[in-house]
Amino acid sequence: MELPSSFNESPAGFSPIDFRAELNDEQYAAVSAEPGPALVLAGAGSGKTRTLTYRVAWLLTHGVNPWEILLLTFTNKAAHEMLSRVENLTGVAMHKFWGGTFHHIGQRVLRIHGKAIGLEPHFNILDQSDAESLLNATIREDDKNFFKNKDNPKTRVISDIISLARNTLLPIDEIIDNRYNYFEHLADKIRHFNHIYQECKLKQQVVDFDDLLDHWLKLLRQDEVLATQFQERFKHILVDEYQDTNKIQSELIDLLGLNHQIMAVGDDAQCIYTWRGANFENIMTFTDRHPGAVIHKIEINYRSTPEILNLANGILSTQPLGTGYRKELRAVRSSNLIPFVVPVMDGKKQAQFIMKRMEGLFDQGYQLSDMAVLYRAHHHAIDMQIELSRASIPFVITSGVRFFEQAHIKDLVSQLAYVYNPQDSSAFQRFTCLLPRVGEKTASRLHRLVLEQSGEKNISPIQAFSVDEVIKKVPVDAQEDWHDLAYTLQDMAAAVGNRTPKEIVKITIEGWYSSYIRNLYSNWSDRIDDLESLVGFAHRFDDMTELLSQLVLLNSEISDRDVDEDFDALRLTTVHQAKGLEFPIVFIIGLAEGLFPNKRAMDEDNLDEERRLFYVAITRAKDELYLSYPMINEYGSPSMRLNPSRFLDEIDREHYEILRIHETTDW
DNA sequence: AGTCGAGTTCTTTTT
DNA sequence: GAACTCGACT
């Protein structure tokens with residue numbers, strides 16, 4: 001039930017857009033808003049993306065230049081989608097905008113201006129797991145016995161604490177006080193670990209995800225001239241999913257938008273990232289921080305049936321008073337089936353019910369790609385995957401190991417990263433540890449030795465791989481591989497500057513790594529195929545640094561062979577990853593206490609966020625909605641009885657119908 | 001001292 | 001299935 005769209009009607013010339021006709025009153029008011037701070041409260045399914053897209057188009061047709069617009073989004077996908085829609089609408093090419101995730105833009109700023117805070121333009125970006133291993137290594141080096149004590153927190157926890165502190169701009173002590181008070185005695189220690197970790201990264205010219213925001217903010221704060229330059233350059237700043245911004249992000253936006261040119265778009269009812277520091281205070285206090293801000297409410301819902309919206313509104317009304325903007329989704333679609341609550345015996349029965357129901361839906365003309373199964377946590381989908389595979393029903397699962405996070409991809413990328421930044425010990429360690437009898441300790445010794453020799457003999461670190469003093473220290477079993485590896489890296493280094501990224505990637509694959517992988521994996525040809533598709537990906541880049549950043553930041557992008565959009569398959573996804581998507585048919589599974597709401601959220605009293613997550617899940621559905629819960633959980637050593645989710649109890653009984661599984665055999 | 005293999009224990013959500 | 005621990009082996 002989308003509004004009429006004139007996309008692609010005039011492929012050659014771009015005829016003027018009739019904004020009034022293509023938008024409803026609420027949307028039009030936001031799109032055509034006068035310059036000045038604005039807060040757009042867009043309910044689920046109300047055409048938020050459309051509004052943002054048309055706003056950009058509006059600005060462009062009213063004399064604003066593309067480079068004067070900064071578009072900040074939560075995911076790369078959202079940025080891409082919006083900008084390509086703008087391109088279709090106005091003919092202005094995507095790359096003319098500064099648009100992307102906060103991290104992406106931060107990276108871009110730091111490449112250009114990072115020198116001021118000690119970052120060379122070729123710095124490498126560590127992903128979550130690289131960052132954690134580096135932190136781990138730093139801690140071990142500083143305090144050998146720290147992890148021997150079982151009562152001490154694991155690296156993961158320390159990393160979480162540090163990250164939360166940085167994202168909320170609060171001191172580490174305060175984070176520990178508030179959320180980890182059982183580690184109070186370690187506050188000094190953790191602060192110290194953080195300190196040496198930051199130093200270590202800077203020395204190696206690497207940054208983690210948080211640095212991309214933190215350094216960016218630091219840069220703007222310390223260099224007033226630069227800050228002013230950005231403030232004057234970006235005449236319009238548009239922020240998507242504003243409710244999920246954290247303190248450091250809102251600080252960045254406020255600083256960049258000092259001239260009151262921010263349009264923030266969001267929905268406080270859909271704030272689901274507080275665990276990552278998101279703070280919906282940002283959206284609640286926006287008008288205080290930006291006096292004169294105009295609030296635009298967009299509430300007409302084009303997506304869902306009234307029955308589904310009744311349920312969604314019911315959830316909204318159970319939210320504690322005063323915690324959000326008052327809103328109600330208004331339906332325009334005609335009535336359809338009432339949502340069903342489906343108790344089932346266990347996960348297997350749950351999967352079987354869904355498959356049974358799917359058959360009925362096929363008869364009604366729906367296809368697999370119209371349907372999605374949503375769940376709270378990845379492992380809730382195991383039974384679903386098993387049963388679907390057994391019945392050979394095609395499905396895509398947006399989770400698990402992402403393409404760029406697979407071992408062989410990271411192995412290869414580490415070699416590329418190292419050639420561009422030989423200080424990067426994480427990259428060095430990643431590929432050296434693949435050699436026989438080389439582990440963490442040997443790797444770091446070799447890395448030090450290589451740098452030392454490079455300094456002493458005044459040669460590049462990569463040439464130093466072949467120096468006798470280094471070779472002597474390589475374990476005997478690894479000698480042969482070491483030579484091949486050194487040769488490949490030197491080949492790559494020689495190609496830097498005069499070959500394209502694509503060609504360099506090719507050299508890397510065809511070098512040491514392909515012979516290594518052949519001996520290691522039985523499915524090596526699949527893995528080589530993956531690597532080959534990396535060559536295709538690299539083809540899009542002229543600049544290796546840009547390619548390397550994207551490989552880390554774009555972790556949701558999948559390999560080219562999976563990009564087939566027409567492939568008819570059922571979608572399995574977590575609720576978090578389903579944010580912003582819509583499906584005619586939605587099954588939400590595992591709606592039991594301890595699963596959804598998640599046990600940990602119950603322990604930590606985070607039920608409001610779980611409820612918002614449930615709200616997000618429900619509002620993905622267009623035509624039909626099924627809410628199911630297993631009564632028994634066979635995972636966990638003694639099978640446990642499960643109670644239906646409290647969220648089901650909170651819904652008015654008249655808004656759904658209970659479906660007993662034995663009655664459904666005829667569907 | 002450091003690597004490697006076997007066995008155990010869990011994971012919410014993501015840039 | 002991967003991330004960690006532990007004991008054996010170099």
Side-chain angles (χ1 to χ4, degrees), chain A residues 72-79 100-107 125-133 136 140 144 147-148 150 154-157 160 163-164 166-167 207-214 216 241 244-246 248-249 271-278 374-382 385 398-402 404-407 432-446 475-478 549-557 573-579 590 594-604 606 609-610 612-614 616-617 635-637:
Chain A
L72 290 161
T73 60
F74 199 67
T75 63
N76 293 294
K77 214 174 101 195
T101 61
F102 285 85
H103 294 86
H104 181 241
I105 302 289
Q107 178 265 141
I125 305 172
L126 305 180
D127 70 14
Q128 174 94 313
S129 66
D130 292 337
E132 255 169 51
S133 355
N136 182 280
R140 290 175 116 98
K144 279 193 178 61
F147 292 116
K148 298 263 165 69
K150 298 270 185 197
K154 303 240 181 326
T155 315
R156 171 65 156 286
V157 178
D160 283 349
S163 180
L164 196 59
R166 303 181 73 196
N167 279 295
V207 301
D208 59 24
F209 285 142
D210 298 334
D211 286 327
L212 292 172
L213 307 182
D214 201 8
W216 181 13
E241 307 281 10
D244 281 321
T245 55
N246 56 36
I248 195 167
Q249 290 167 329
C271 174
I272 53 175
Y273 283 94
T274 58
W275 51 274
R276 215 172 84 190
L374 309 190
Y375 37 84
R376 178 62 180 81
H378 289 310
H379 65 268
H380 296 164
I382 293 175
Q385 292 179 58
T398 48
S399 72
V401 208
R402 289 176 194 77
F404 292 132
E405 282 175 14
Q406 292 177 78
T432 342
C433 285
L434 300 175
L435 307 189
R437 310 228 49 93
V438 177
E440 209 183 305
K441 293 285 162 61
T442 313
S444 71
R445 217 166 5 127
L446 286 171
V476 188
D477 293 349
S549 312
Q550 291 301 333
L551 286 173
V552 185
L553 292 173
L554 267 186
N555 69 3
S556 59
E557 182 143 348
T573 171
T574 62
V575 182
H576 280 90
Q577 288 179 329
K579 180 175 165 181
L595 302 179
F596 197 168
N598 179 273
K599 180 165 183 308
R600 194 153 136 195
M602 287 162 64
D603 292 344
E604 290 172 9
N606 275 336
E609 174 137 333
E610 296 289 298
R612 290 193 295 267
L613 198 58
F614 184 45
V616 168
Y635 304 101
S637 0

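Values below: all heavy atoms of this structure, side chains included; hydrogens, waters and symmetry mates excluded. Every chain is numbered from 1 and lettered A, B, ... according to where its sequence line falls, protein lines coming before strand lines.
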Heavy-atom distance under 4.5 Å between the side chains of A:Tyr375 and A:Thr574, does that happen here? yes
Please tell me whether A:Thr155 and A:Glu132 have a donor and an acceptor in their side chains that are separated by less than 3.5 angstrom. no
Taking 4.0 Å as the cut-off, does a side-chain nitrogen or oxygen of A:Thr442 come that near to OP1 or OP2 on B:dT3? yes
Tell me: NE2 of A:His104 to P of B:dT15, nearest whole Å? 14 Å
Which of these nucleotides, B:dC4, B:dT13, B:dT15, is closest to any side-chain atom of A:Gln128? B:dT15
Strictly distance-based, threshold 3.5 Å: is any side-chain N or O of A:Asp244 a donor or acceptor partner for the main-chain N or O of A:Tyr273? yes
Rounding to a whole Å, what distance do you find between A:Asn598:CG and B:dT14:P? 13 Å
Pick base, sugar-phosphate or nothing for A:Pro475, based on heavy-atom distances below 4.0 Å to the nucleic acid. nothing
At under 4.0 Å between heavy atoms, what does A:Tyr273 touch on the DNA or RNA strands: base, sugar-phosphate, or nothing? sugar-phosphate
Rounding to an integer number of Å, can you tell me how far A:Asp210 CG sits from B:dT14 C1'? 12 Å
Tell me: CG of A:Asn136 to P of C:dC4, nearest whole Å? 8 Å
Rounded to whole angstrom units, what separation is found between the CG atom of A:Asp477 and the C1' atom of C:dT10? 9 Å
A:Gln577 side chain N/O closer than 4.0 Å to the phosphate oxygens (OP1, OP2) of B:dT14? yes
Does a nitrogen or oxygen in the side chain of A:Thr574 sit under 4.0 Å from OP1 or OP2 of B:dT14? yes
Polar side-chain atom of A:Asn167 near backbone of A:Leu164 as donor-acceptor pair, under 3.5 Å: no
Minimum-distance nucleotide to A:Asn76 side chain [options: B:dT15, B:dT3, C:dT5]: B:dT15
Salt bridge check: are A:Asp160 and A:Arg276 linked by an N-O gap of less than 4.0 Å? no
Do A:Phe102 and the base of B:dT15 stack face to face, with centres under 5.5 Å apart and an angle between planes under 30°? no
Length of the line joining A:Leu213:CG and B:dT14:P, which is rounded to integer Å: 17 Å
Tell me which nucleotide among B:dT15, B:dG2, C:dT5 gets nearest to the side chain of A:Arg437. B:dG2
Sorted by position of nearest nucleotide on DNA chain B, 5' first, the leading residue of A:Leu435 and A:Glu609 is A:Leu435
Integer-rounded Å distance: B:dT15 P and A:Asp160 CG: 16 Å
Taking the nucleotide of DNA chain B with the closest heavy atom to each, which residue, A:Glu440 or A:His576, is nearer the 5' end? A:Glu440
In terms of side-chain heavy atoms of A:Trp275, which of B:dT13, C:dT10, C:dT5 is nearest? B:dT13
A:Asn246 CG to B:dT14 C1': how many Å, rounded? 12 Å
